[in-house]
Asks: 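Sharing a structure here in structure tokens format.
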Amino acid sequence: MAAAAPAAAPAAAAAPAPTVPAPQVPRGQVDLVDFVDWSGVECLNQDSSHTVVNALKQGYRDDEGLYLASDSDEQLLIYIPFMQVVKLHSALFKGPEEEGPKTIKLFSNKEHMGFSNVSDYPPSDSLNLSSNHLVENKLVQLKYVKFQNVRSLTIFVDNNQSGSDVSKIQKIALYGTTVDTTNMKDLKKIEEH
Amino acid sequence: MVLEATMICIDNSEWMRNGDYAPSRFQAQADAVNLICGAKTQSNPENTVGVMTMAGKGVRVLVTPTSDLGKILACMHGLEVGAEANLAAAIQVAQLALKHRQNKRQQQRIIAFIGSPVKYDKKVLETIGKKLKKNNVSLDIVDFGEIDDEKPEKLEALISAVNSSDSSHIVHVPPGEIALSDVLISTPIFTGEEGGSGFAASAAAAAATGAAGFEFDVDPNVDPELALALRLSMEEERARQEAIAKKAAEESSGAENKDHVSSSNTDSVMAEAEPASNATADDKKDQPKDDDDAQLLQQALAMSMDEGSSGAAAVADAAMAEVAVDDQDLALALQMSVQDASMSGQSDMSKVFEDRSFVTSILNSLPGVDPNDPSVKDLLASLHGQGEQEKEDRSDKPEDEKK
């Protein structure tokens, strides 16, 4: 697993052009975007023209022009349920230097959180992003032991890099592995003889 | 059909004692609340509605969001009016009540009735609005009661702070003839986002205030055949109901005539058909549709007179002379009654009753009434006043013939 971070770093150093290197998927991990249960994804305080789909979905998140923006103030609360139980390994956040997220708290398996109870329980993990993370596609390692049995993930964006009123996130990618549970969608009826 | 949990905040402050909305502001508000609860629970059976007060004993939740309409209506009883409304605290409590709703999939909505003056300034209200928007709660405001200079502006500012994609609305209801609930029926508070529920749409249609709701909750664009079938069956049903109503009206009109005669008898000294016209005028007031009823009555009279031609029924019509009447004596009598009629703007019905032959023939057809009974004859005499001896002679003849 440790090879992942150094692998990304020399790639960044070696690249001569100013283009940002593509993130290396850590060995043994998969991009969990395929396991997200889209019907249950919610985001509080999102701007209706810049929704969470822009940051999460394949295709949308790679588009530079599409981003998730906050509405009334700079905080965001994103709820992502998964179709299977997963283990989270690392995460990637991409956003503008100024309005990108700074402090992020992650909660595992807490349904229907609101802004009022984010401080009620300790987060499963707490991240402090720098502008490097946002711009250079640097993966953030998570406390793997805390994310062994994740049915849903709640991401709380507390503030942003520049302290502006609006937080913007271009991409959120989660890497990990699945625990072998049944995916109900794959259940097929056995043909009768 | 959106799945929603609603908290209704009632203003039961001292300002609600005022009677500029009939019967009192508080009562008008209560009616509106009942209507809204009904509409919400009908539009989606899983919707829940809760009620709380903003003033009185304080900001209290009377009933937490529930789909049981009876509970909601019951809690409105015995509410006391007094003190001042605390809007900020009420909205906070409402938010809390919604946060702890049982079904987390429901959208959160607060409906606030604001009838007392708003003592907060715009900034505070905007902050409240932003907090609601952040937590994805929609807000509907019914601005009624006290008319302040700044109140509408402040409330508009609050709504624009909360509003995201048109889910929050504000309605200003000035005092006047139209009841608070009737005004609300046509607003988006009732009808919801799209066309709205069948309840709301039909209520709006009934109030004839043109909501954007589709009839029968079916979009003609989406399913034209179904909409057409529903509409046709509705019209058929209506026609059937009208036919039944007509029959009932005929039967009742017979009894009606009896009532006319007896009521006119109670009036003292009178000219010709004054009492008759008074009685009929009163009756007319009771009757919702004058024209329809006159027609129905004419038909009833025609049937009771056993006259084959429908022309006889139109005798009451002003164009009496044009009508072909089989019975010569009847025609004469009618002409006499027309000539004798000296009142302008007299109703058709009074002409009918002026004609004694008509009345007697009707009485003929009525069971248990014998026109030759002296008491009945007295009635008829008083009905048409003095100096009608000649008419009585004339009417005797058709009477005999009819017998």
Side-chain angles (χ1 to χ4, degrees), chain A residues 37-54 68-83 99 101 103-105 107 109-121 151-160 163-169, chain B residues 1-5 7 46 48 50 59 61 64-65 88-110 122-139 156-169 193-194:
Chain A
D37 179 8
W38 294 107
S39 64
V41 169
E42 280 169 15
C43 180
L44 287 184
N45 201 26
Q46 65 179 341
D47 185 347
S48 44
S49 45
H50 298 101
T51 60
V52 66
V53 175
N54 291 349
L68 162 66
S70 67
D71 201 355
S72 305
D73 60 13
E74 74 281 4
Q75 295 184 333
L76 281 166
L77 194 62
I78 309 167
Y79 172 72
I80 306 174
F82 295 100
M83 291 199 273
E99 292 111 344
T103 313
I104 299 187
K105 292 192 179 151
F107 299 85
N109 295 334
K110 291 261 179 344
E111 318 264 296
H112 303 115
M113 286 187 76
F115 287 104
S116 46
N117 52 2
V118 279
S119 35
D120 286 353
Y121 347 89
R151 262 239 156 248
S152 71
L153 181 68
T154 305
I155 303 174
F156 172 53
V157 176
D158 206 350
N159 48 32
N160 53 40
S164 70
D165 265 345
V166 177
S167 300
K168 292 186 185 165
I169 305 179
Chain B
M1 285 290 272
V2 67
L3 186 57
E4 229 174 28
M7 274 304 284
E46 285 191 35
T48 55
V59 174
V61 174
T64 56
I91 291 187
Q92 266 189 309
V93 172
Q95 252 190 290
L96 200 62
L98 286 172
K99 189 167 140 199
H100 293 287
R101 63 197 186 284
Q102 280 182 326
N103 183 356
K104 301 288 181 189
R105 303 192 128 263
Q106 289 167 328
Q107 301 277 353
Q108 303 171 72
R109 179 173 292 274
I110 300 177
K122 255 198 209 174
K123 283 270 166 242
V124 176
L125 290 174
E126 277 175 6
T127 330
I128 295 176
K130 270 197 175 169
K131 191 153 171 260
L132 284 174
K133 181 151 83 151
K134 194 171 163 190
N135 288 291
N136 201 12
V137 179
S138 331
L139 175 65
E156 291 278 356
L158 174 57
I159 285 291
S160 49
V162 185
N163 203 356
S164 73
S165 55
D166 241 359
S167 64
S168 301
H169 318 95
E193 308 304 313
E194 354 75 43

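Predicted model, so just to flag it, every value in this text is computed and none were measured. Excluded from the calculations below are hydrogen atoms, water molecules and symmetry mates; all remaining heavy atoms, backbone and side chain alike, are included. First the proteins, then the strands, lettered A, B, ... as listed; each starts at 1.
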Asks: Looking at OG of A:Ser72 and NZ of B:Lys131, how far apart are the two atoms once the value is rounded to the nearest 0.5 Å?
Replies: 11.5 Å
Asks: Atom CG in B:Asn136, atom CG in A:Leu77: separation rounded to 0.5 Å?
Replies: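 B:Asn136 CG to A:Leu77 CG: 11.0 Å, rounded to 0.5 Å.
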Asks: Tell me whether B:Lys130 is salt-bridged to A:Asp73, with the criterion being a basic N under 4.0 Å from an acidic carboxylate O.
Replies: no
Asks: Run the salt bridge (charged side-chain N to carboxylate O under 4.0 Å, His left out) test against B:Lys122 and tell me which residues pass, sequence neighbours left out.
Replies: B:Glu153
Asks: State which residue, out of A:Glu111, A:Glu42, A:His112, fulfils the side chain to side chain contact (heavy atoms under 4.5 Å, CB included) condition with B:Lys104.
Replies: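 With B:Lys104 as partner, A:Glu111, A:Glu42, A:His112 yield a single side chain to side chain contact (heavy atoms under 4.5 Å, CB included), made by A:His112.
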Asks: Please name all residues satisfying salt bridge (charged side-chain N to carboxylate O under 4.0 Å, His left out) with A:Asp158, sequence neighbours left out, ordered by chain then number.
Replies: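 For A:Asp158, no residue satisfies salt bridge (charged side-chain N to carboxylate O under 4.0 Å, His left out) once neighbours in sequence are set aside.
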Asks: Residues two or more places apart in sequence or in another chain: which of them pass salt bridge (charged side-chain N to carboxylate O under 4.0 Å, His left out) with A:Lys105?
Replies: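 With neighbours one apart ignored, the set is empty.
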Asks: Hey, could you give me the CG/NZ distance between A:Leu76 and B:Lys134, rounded to the nearest 0.5 Å?
Replies: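 So the CG of A:Leu76 and the NZ of B:Lys134 are separated by 9.0 Å.
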Asks: What parts of residues 89-98 of chain B touch chain A if we use heavy atoms and a cut-off under 4.5 Å?
Replies: none
